[in-house]
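Report on the structure given below.
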Amino acid sequence: MSYMDHSATSPVDPEVLEAMLPYFKESFGNASTLYSLGREARTAMEKARKQVASLIGARAEEVYFTSGGTESDNLAIKGTISRLKGKGNHIITSAIEHPAVEETCKYLEKNGYTVTYLPVGEDGIVKMEDLKESTREDTILITIMHANNEIGTIQPIKEIGALAREKGILFHTDAVQSVGKIPVNVEDMNVDLLSISAHKLHGPKGVGALYIRKGVRIDPLFHGGGHERGVRPGTENIPGIVGLGKACQLAEENLYENMEYVASLRDQLIKGVLGSIEQSFLNGHPTKRLPNNANFRFSSIEGESLILQLDFKGINASTGSACSSNKLEPSHVLMAIGLEEVDAHGSLRISLGKENTPKDIDSSIVVIKEVVERLRSMSPLWCPGGN
Ligand SMILES: *Cc1c(COP(=O)(O)O)cnc(C)c1O
């Protein structure tokens with residue numbers, strides 16, 4: 001069995017699980033209580049806050065715990081614009097955001113906000129000229145993801161952040177796919193708000209964080225007790241938070257080593273697939289992409305059949321993002337980079353992790369080739385040598 005869908009979720013690291021267990025058992029306290037059991041929970045939570053902050057170059061007091069990437073994105077966007085009510089109603093985003101940002105923006109459009117969806121080139125990257133041209137007097141927020149969850153492309157966040165700062169516009173980035181995989185530093189990147197999710201970096205599901213730069217004020221989405229300094233009330237998920245912290249610590253310790261290892265697997269995969277399967281192509285930017293992402297397209301192949309056949313052979317991969325894999329429309333990301341609908345349907349995302357091995361890659365190249373050729377032999381559309 002080869003799990004190769006780390007952009008959908010990643011297995012919890014055994015050390016992360018180990019760190020979490022006491023907080024389900026003997027150390028089950030509520031972090032808001034004053035006696036020692038509560039203090040223990042609070043101490044564990046503050047340690048985790050430091051671990052998260054350290055991975056992204058932030059101060060602990062700039063990290064707020066949430067229930068995951070989706071909540072962090074919603075809180076960043078809605079919290080900012082609510083706070084800036086009256087200052088403007090224009091938001092800039094990209095055409096390839098994760099649904100947690102895309103759907104939030106669409107919702108805001110229905111509620112009186114104007115949203116510019118910046119196009120991307122064939123390489124999946126936004127153009128700074130387009131961004132410059134789209135800023136207006138009434139622009140209050142730019143939200144552009146760091147690394148894409150489908151094609152892995154990495155946006156010029158530092159430049160975008162510099163422009164936002166120059167224009168006095170707040171800048172949020174969804175860094176759910178990049179944190180723990182490539183260096184992320186909120187100072188270098190000029191970001192004001194940044195979203196993290198634990199389960200994408202070998203932590204547990206249902207917990208995440210939002211970085212909010214000191215001095216940036218946002219409104220909460222929920223109202224309740226004063227947890228997380230009122231920004232995110234609700235009794236804290238201590239085991240989850242401890243797991244997120246541990247996952248961040250491990251990611252920081254092994255960042256460069258893992259990056260290099262996983263990128264070598266990815267390059268082995270890309271070389272093997274493109275070299276052995278005719279009419280196969282790589283979607284997205286050739287180099288400005290996550291070390292663990294390869295997104296292929298095979299002409300005359302139907303992605304869903306490919307995924308199911310690969311599953312029979314013990315390979316877990318996906319077509320578009322997990323969230324769109326039960327929809328019939330082609331991925332909005334693949335359409336945004338200019339693919340035809342049939343090609344978008346014939347795409348395969350493989351996202352690797354530190355537990356994959358060179359042997360897994362070799363055998364998966366053989367399996368992918370076999371499955372693609374078998375599906376093509378049954379397809380009336382297939383035309384060897386090109387069509
Ligand atoms: C997975 C993902 C999210 C959502 O995070 P959850 O913790 O699953 O809610 C948001 N943005 C990106 C880019 C993602 O890959």
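Counting starts at 1 for both ligands and their atoms, in listed order.
Taking 4.0 Å as the cut-off between side-chain N and carboxylate O, K132 and E129 do not count as a salt-bridged pair. Under the 4.0 Å criterion applied to side-chain N and carboxylate O atoms, E46 and K50 are not assigned as salt-bridge partners. Here D13 pairs with K354 in a salt bridge; the nearest charged N to carboxylate O distance falls below 4.0 Å. A salt bridge links E228 to R49: at least one charged side-chain nitrogen sits closer than 4.0 Å to a carboxylate oxygen. The residues D5 and R349 are annotated as salt-bridged, a charged nitrogen and a carboxylate oxygen being separated by less than 4.0 angstrom.
The nearest heavy-atom contact from the protein to atom 9 (O) of ligand 1 is T70 OG1, 2.6 Å. Atom 11 (N) of ligand 1 has as its closest protein heavy atom D174 OD2, 2.6 Å. Remark: minimum distance from atom 14 (C) of ligand 1 to any protein heavy atom is reached at K200 NZ, 3.0 Å. Of the protein's heavy atoms, G69 CA, 3.3 Å lies nearest to atom 5 (O) of ligand 1. Of the protein's non-hydrogen atoms, the one nearest atom 7 (O) of ligand 1 is S197 OG, 2.7 Å.
The distance from ligand 1 to the heavy atoms of N149 drops below 4.0 Å at these ligand atoms: 13 (C), 15 (O). Which parts of ligand 1 touch H199 is read off a 4.0 Å heavy-atom cut-off, strictly below it: atoms 6 (P), 7 (O), 8 (O). Residue-ligand proximity, G68 to ligand 1, at heavy-atom distances under 4.0 Å covers atoms 7 (O).
Listed by chain and residue number, I154, I157, T173, A175, S178, I182, V184, M189 satisfy the side-chain contact (heavy atoms from CB on, under 4.5 Å) test with H146 (two or more places apart in sequence, or in another chain).
Taking every heavy atom of both residues into account, Q279 and C383 meet most closely at NE2-O, 3.3 Å.
Residue contacts with ligand 1, taken as heavy atom pairs separated by less than 4.0 Å, involve D73 solely via side-chain atoms from C-beta onward.
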